[in-house]
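Labels below follow one simple rule: chain letters A, B, ... track the order of the sequence lines, proteins then strands, and each chain is numbered from 1. Scope of the values below: all heavy atoms of this structure, side chains included, with no hydrogens, waters or symmetry mates. Predicted, not measured: the structure shown is a model, and the values here were computed from it.
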Amino acid sequence: MTRELLKGNVAIGEAAIRAGVQAYFGYPITPQTELLEYMAWRMADLGRVFLQAESEIAAINMVYGAACTGARVMTSSSSPGFSLMQEGLSYIAASDVPAVVVDMMRGGPGLGNILPSQGDYFQVTRSAGHGDYRPIVLAPASVQEAIDLTMLAFDLADRYRHVVILAADGQIGQMMEPAELPPMQPLTAAPPWALRGAQGRAPNRISSLYMHAESAEAANRRIQSRLSQIRQYEQRSLEYATEDAELLVTGYGTAGRIALSAVQAAREQGLKVGLLRPLTLFPFPEERLSVLADRVQACLVVEMNAGQMLDDVRLAVGGQIPVEFYGRMGGVVPMPDELLTVISRMYRRVAAPA
Amino acid sequence: MTRELLKGNVAIGEAAIRAGVQAYFGYPITPQTELLEYMAWRMADLGRVFLQAESEIAAINMVYGAACTGARVMTSSSSPGFSLMQEGLSYIAASDVPAVVVDMMRGGPGLGNILPSQGDYFQVTRSAGHGDYRPIVLAPASVQEAIDLTMLAFDLADRYRHVVILAADGQIGQMMEPAELPPMQPLTAAPPWALRGAQGRAPNRISSLYMHAESAEAANRRIQSRLSQIRQYEQRSLEYATEDAELLVTGYGTAGRIALSAVQAAREQGLKVGLLRPLTLFPFPEERLSVLADRVQACLVVEMNAGQMLDDVRLAVGGQIPVEFYGRMGGVVPMPDELLTVISRMYRRVAAPA
Amino acid sequence: MLQEITPVMLPVYERPAALAGVHTHYCPGCTHGIAHRLVAEALDELGLREQTIMVAPVGCAVFAYQYFEMDGCEAAHGRAPAMATGIKRLLPDRTVLTYQGDGDLASIGIAELIHAAARGEPFTTIFVNNAIYGMTGGQMSPESLEGQRTSSTPGGRDVQRTGFPLKVCELIAGLEGTAYVVRRSLHDVASIRKAKKAIVTALKVQQAGAGFSLVELLSTCPTNWGLTPADALTWVEEHMLPQYPVGDYKVSAAALRAAAG
Amino acid sequence: MLQEITPVMLPVYERPAALAGVHTHYCPGCTHGIAHRLVAEALDELGLREQTIMVAPVGCAVFAYQYFEMDGCEAAHGRAPAMATGIKRLLPDRTVLTYQGDGDLASIGIAELIHAAARGEPFTTIFVNNAIYGMTGGQMSPESLEGQRTSSTPGGRDVQRTGFPLKVCELIAGLEGTAYVVRRSLHDVASIRKAKKAIVTALKVQQAGAGFSLVELLSTCPTNWGLTPADALTWVEEHMLPQYPVGDYKVSAAALRAAAG
Amino acid sequence: MTGTIVIDQERCKGCQLCTLVCPQHVLSMATDTLNARGYAPARLAAAGCTGCAVCAIICPDVCITVYREPARARRGPEVAS
Amino acid sequence: MTGTIVIDQERCKGCQLCTLVCPQHVLSMATDTLNARGYAPARLAAAGCTGCAVCAIICPDVCITVYREPARARRGPEVAS
Amino acid sequence: MQDSFLFSGFGGQGVMFAGQLLAYAGMDAGYHVTWIPSYGPEMRGGTAHCFVILSDQAIGSPVLPRPAVALVFNQPSYEKYAGQVAPGGLLVFNSSLITADQSPSVPTLAIPATATAHGLGDARLMNMVMLSALLTVRPVLPVSALEAALAAHLPAHRRSLLAANVQALAAGAALAREAWLSPA
Amino acid sequence: MQDSFLFSGFGGQGVMFAGQLLAYAGMDAGYHVTWIPSYGPEMRGGTAHCFVILSDQAIGSPVLPRPAVALVFNQPSYEKYAGQVAPGGLLVFNSSLITADQSPSVPTLAIPATATAHGLGDARLMNMVMLSALLTVRPVLPVSALEAALAAHLPAHRRSLLAANVQALAAGAALAREAWLSPA
Ligand SMILES: Cc1ncc(C[n+]2csc(CCOP(=O)(O)OP(=O)(O)O)c2C)c(N)n1
Ligand SMILES: Cc1ncc(C[n+]2csc(CCOP(=O)(O)OP(=O)(O)O)c2C)c(N)n1
Ligand code: SF4
Ligand code: SF4
Ligand code: SF4
Ligand code: SF4
Ligand code: SF4
Ligand code: SF4
Ligand SMILES: [Mg+2]
Ligand SMILES: [Mg+2]
């Protein structure tokens, strides 16, 4: 395969297609619109299903229906639109049907703006709707990762029959970078639980309704055990220069990527700084983080929000080391220099006090 | 005032009325429907605004509009309906208008059932929509508290110009208990920022749109500083027998109330067990909890979910002491005896090992 | 038993195969049960049971997916048309049905209904209009009649404050995507027969891919109306029928052909 | 300047007071600007500026609340009718206006529109129909014409797959809560004059509390249509007008009285 | 005697609708028993059933199976047309 | 000469609509300057303006103020009716 | 002291009001009190029930897995709850409508409540007959407390029924004394 | 090596494509590359811009507060960005449309690009003139790399313009050599 210069939104769309997505339902919203627009012609070209829904609510419920047929299906949106999908997401998760949802996060709360942000971390990782469950959440930091994690998203969705959210931000959606697309995969066959007409078999029924507390609790336990499997097997993260680091920086997606530049610069200045960049936000790579927490003096969390993954980091390190936070909000993307300043100050304070 | 036998849903409605709620917009959903039904006749009787909205989305956006006029306004729902309000809540919070929202939680995820649950803890405390903010969240455990916290909700909403969520569950909504209602309060006057026509003054404008990153970040900082004030001044909790406790039990709302029975029973058996019951879920009473964490040997968190406040407890105690969890899901309410068993087992293990 | 079934007697009316054997939770005399039976009979008649997917609503018919002997699912409140769209787009040769109450379809779900209809999604909606929110205990629905007492309009529906009854067939018949939009009633035997015919026609229209089809059925809620089952039928006749006239609101040319064929 | 304004000359056309002095972000030639001006003129004429509350949509008119010299707010996408309902219910004697694009009103917001209309909420909606999602860069809206190329219908709108244009006036005129529902166009001077009159009438209808009023304005999006501003006007005339005929779709008796008074 | 019916006593919810529509007035409600779910079921209480199936058509709980003598039965169920 | 107009050069976005509708053909677009926002604004380029206000009615950016001699002005703006 | 009561029967049998009346009486007597119904579609067509607790300290759970006392008004409720009463408890049942075909491990009190109510002219008085029968054999509160509660809390539109209700209370108490004192 | 480029002008001036072409050329030369546009309503009626980075190591941020090089195509872009170029950087501006009324602290290169493009028969070639002018004085990549990138990446429906584009590249390079070598 050759490398192409690809826009994040387009790359995700094409990756989904190569992963065998059979239907896309979506509603325009900046900064993910190009993904929808790409699907509009590409899916039609391939004779697959593309439909611009009347709203994000309709889109997620179309996804719900389409997913019930056993097909690989997808929708994408950005923060306000993602908020509108909460009820539908909760239904999907409760019904054990796989679905992939892209949240190309933008500045919030409210209408906010269309600039890159990570303000939906809580919403994507904690529940995405009412009731007890957590979606699998993947956080790409580059166009290539957007492709790779989109492919992974479909596999995980099918494997666990669970909702997978690709949580990126406007910068990743809008940016072009060289990247390599995987080969086209064949469409997956419909699984036995799919709704396709009860021909020669007992009816299949998909629902999230459990009138009685006992059956509802059993359904919840099923979800929880699925989640603990996911916690056990699916934690993923990348590291840079953590071997001898005194200060560990952590951040995901765009913030994590920019933090890498800052960490590299800090290393050039001789500071023993390392980076852990989670690829999965749920399951949060707590195992790896707690291993690293044993080694470093302190940890700095960088996010494009007011401090959300911060909770997961603090939970993972469990008070072992001081954890500090640096965040920009409302669509401001921190610059490498800015992070370098923050890192070196903190380094002097906590890791190598004079 | 005399004590009356009041149903939780009705008590909340009447408390809101006495707090001077001028408009109620809502959509039926079990187990909060009686609240809507009560408002239907009571508000009409008083010549205030009652409107059954076409959906929860309409309801929350009617609340948004009505709140912009400077009136005290309210809606109520239960888990799936609350999920549908996420976008609207985020807009309201971003626009600095006060609003009170009741979430009478039920078994989830998905359609689930109508039984009592605390499965929305994450959704209510973490963001209630996209972007960075947290609603103030109050958690009553009895009909009397439902009344008192409803009154408080309106005051806090006005004081901070913020969203306040009363997070109860089906049991509190459905239960009758003796309780005392406060006297009727006069309606509040419209604040200067309210939209009521720009007569003889410059226009007032309310929005959550900040095109530029700088202004959006400034708006976020305003919200964050409001939140830190709230964190500083509004943490509330109740305690029982914590002075000499070796094991601290904590739970809110119905779970906390039932835990109290279990803790009392444990005390009768001579076990040094105490209870902390948060009244505010955001701000979480972390100060008090961390003080207590210094004194006790271990902490048990009890919830009617898979472990959500658990995170806040672990964050507050910061690894000082072991924290364990006991939860029931999908509408199952734990029984006092059941909790007593859990408590005494844990007590023997961690607090007073033989 | 007063009459024995002698060997010479033949069954002329039996439980349709498309209905599951389970007990339903409907209240005594609730005509949801009749609507279910008619749908099942229609599917049996056309031999569609094994290729049908049923989308149940949130409302008293929330268990509908269990009450039919076929593949089914349960949509979020009001979103059945969106869910059905998702299914039908993936499986265009299957028969897809939504079954929705008036709160579900006309209140929270009106956007999804209108857009599915405007797009001409070729599935069939059975719209059970009992002028009230049955499941949640009898609140006003958009279909409640002027003056109707409900638990959220305790003084009777005041149309000036709560709005005017929403006439769904009339509303959507003008949309180009609709092929077959009719209203029938379940309040007596003759009407039930006509309702059945309409459901059969709607399914044929769907099979022909002619566009969106909807059969509205005026139905009872004895429990929340506070009437006996028999009085509830009379209430439909006396109060609902004048407001919601039965009739064919749209039969497109393609639908006509499909019905004939 | 070729002509001097001599003292004997009087201004006959000035910027309306209800328009704020700020620059707008609309593209050159976009008729959103005309719609804004007409609303401002109508409010000035009726002396309503100081008692009006404007609800802006999400769409290119997202800043409308800043472009008028009056109280205003900014609704979530499609929810302006709900927000306006909240305001109007609390302040029944104020004038409440929503200003919505076709994506906002007819797609995501159709439920809130229909229910506000069915309830007869006495506020006024200015519905700017440019047959496209302007702000997000030109995707299909429910109003896009058959065959129209948009960024989400690159091969032209195929009504069989994407649905048929949704005719909002026609859809809601039959609702009992609507008092005044008309369509006008902004494609030439004569039409603009008529549009202005309709807005004035709608506001009078609102003042009379006669019910819900809506003025649809056929508008341009030169940027996303890929046309010059002048060609865009022609496109409205040649392509939109035949599909969306201007006219009075509903003028209730009460509205007639209000308009006359 | 041209027809008869069988009422599933356990399914019947005692709504009485069948008894009201039967043109032959041969149906009535049990007064002596309740079924397991607490309902007094309908019963064929007199001779004269014609197998017209009107009761079955109105029964919301699909409790009634209708039988006819072959001559009439061949004319097919009136229900299904 | 019965009227004139003033075009707010900074507000004008150069859309040309006024120049196309002016019945007197007295408007044209600047070719020599751009305003601060980069647009070539419209200008009154010839004598003959009647103050009919047609240009102002079509202008999407409300750039045009129209003046008339008192006799005609008293008839009131044609815009507002 | 803590005592818990399950009331169960068809909708329309006055299950909820009977429970509420006990709760009112308990409240007026200074007890902590909770009342909680079954709610929502559970009720649809089936049996309805409510749970009442009286206690002299704060009540944790308003529902318990096994009530100390069950008052069952119809056969399905009997089937469901007869075996669930806590040890040391009591089962009161409406023998007019219930065929007692189980042998519960707790004492039972059979009251022909519907028949008695009929005799008093209104079958809807059945719930009062049952309630006073209960308090007669398990005197958590005196039957007179129910009378007072009725007088204080009967909604205005039902005031006219006060006398009949009081009569029913008396009848229930009489039946209970009889049944309880004369071993079966 | 890391170099960063801001392209800014009116929509329709080929801002985005110029940036993309540089990115393509950089990619083909083996660099890490990012390209990112301004997007959404920011573009509405105003100036559009994009930001390109070429680097020999992984690129953290695809946008920087101050570009090393700014290519401005129109007056508003000049006003906005002339002062923002990083120290040691370069400002290239389209002198056909821009009156240089500031004195930026970085060297400037004035290219009559629109006029030149006009001369070549198509004003839309302006962006190519500017781009090759830039690479001529700041030879991160040879101008020939742009030609190759054009050949490789010009979309099919624009293929017919290849020759004209290549001509424009040559013209830009010539202009730049002239302007740069002959001090003003
Ligand atoms: C999002 C959401 N809102 C509200 C509810 C509560 N709810 C359940 S059923 C129902 C109304 C059902 O009425 P209708 O559709 O008329 O059906 P019926 O019961 O009358 O057959 C409502 C409001 C819900 N489950 N989900
Ligand atoms: C919930 C939500 N979904 C989507 C968007 C993105 N969005 C912004 S404006 C718009 C469409 C606007 O189109 P229209 O209403 O026709 O107005 P126009 O711009 O054409 O005037 C969309 C989809 C959003 N902001 N919020
Ligand atoms: S509540 Fe009404 S609609 Fe629901 S099952 Fe009972 S009678 Fe039927
Ligand atoms: S994008 Fe279209 S609708 Fe929006 S301002 Fe520009 S021309 Fe007007
Ligand atoms: S089949 Fe006809 S005659 Fe026989 S019982 Fe039924 S309704 Fe009566
Ligand atoms: S109609 Fe059916 S359910 Fe009703 S009484 Fe007759 S047999 Fe029973
Ligand atoms: S007022 Fe009339 S004549 Fe004068 S410039 Fe404008 S359009 Fe032309
Ligand atoms: S119509 Fe207005 S904006 Fe357009 S060119 Fe004329 S003055 Fe300028
Ligand atoms: Mg209904
Ligand atoms: Mg539009």
Would a line drawn from the ring center of D:H115 to the ring center of D:F212 be shorter than 6.0 Å? no
Salt bridge check: are D:D71 and B:R201 linked by an N-O gap of less than 4.0 Å? yes
Pairing residues for D:E121 by the salt bridge (Lys or Arg N to Asp or Glu O under 4.0 Å) criterion, not counting sequence neighbours: D:R89, D:R119
Distance-only check: which donor-acceptor pairs under 3.5 Å involve side-chain atoms of residues 188-196 of chain B, not counting sequence neighbours?
| from | atom 1 | to | atom 2 | distance (Å) |
| --- | --- | --- | --- | --- |
| B:R196 | NH1 | B:T69 | O | 2.6 |

Most heavy-atom pairs under 4.5 Å with chain D, out of B:I60, B:I57, B:V63, B:N204, belong to B:N204
To the closest 0.5 Å, what do you measure between OH (B:Y64) and OG1 (B:T75)? 16.0 Å
Ranked by heavy-atom pairs below 4.5 Å to chain B, first place among D:Q66, D:K88, D:H77 goes to D:Q66
Show the nearest heavy-atom pair for residues D:C73 and D:I87, with the distance to one decimal. SG-CD1, 3.9 Å
Side chain, backbone, both or neither: which part of B:L51 has an atom under 4.5 Å from a heavy atom of chain D? side chain
I need the contact set between residues 95-103 of chain D and chain B: heavy-atom distance under 4.5 Å, sorted by residue number. none
Rounded to the nearest 0.5 Å, the CG atom of D:L203 sits from the OG1 atom of D:T52 at a distance of 7.0 Å
Where does D:V58 contact chain B at under 4.5 Å (heavy atoms): side chain, backbone, both or neither? side chain
Which distance, rounded to the nearest 0.5 Å, do you find between the OG of B:S76 and the OH of B:Y38? 13.5 Å
Using heavy-atom distances under 4.5 Å, tell me whether D:Q51 contacts chain B through its side chain, its backbone, both, or neither. backbone
Side chain, backbone, both or neither of D:A56 within contact of chain B (heavy atoms, under 4.5 Å): neither
Taking only residues two or more places apart in sequence or in another chain, which ones pass salt bridge (Lys or Arg N to Asp or Glu O under 4.0 Å) with B:D45? none
Side chain, backbone, both or neither: which part of D:A76 has a heavy atom under 4.5 Å from chain B? both
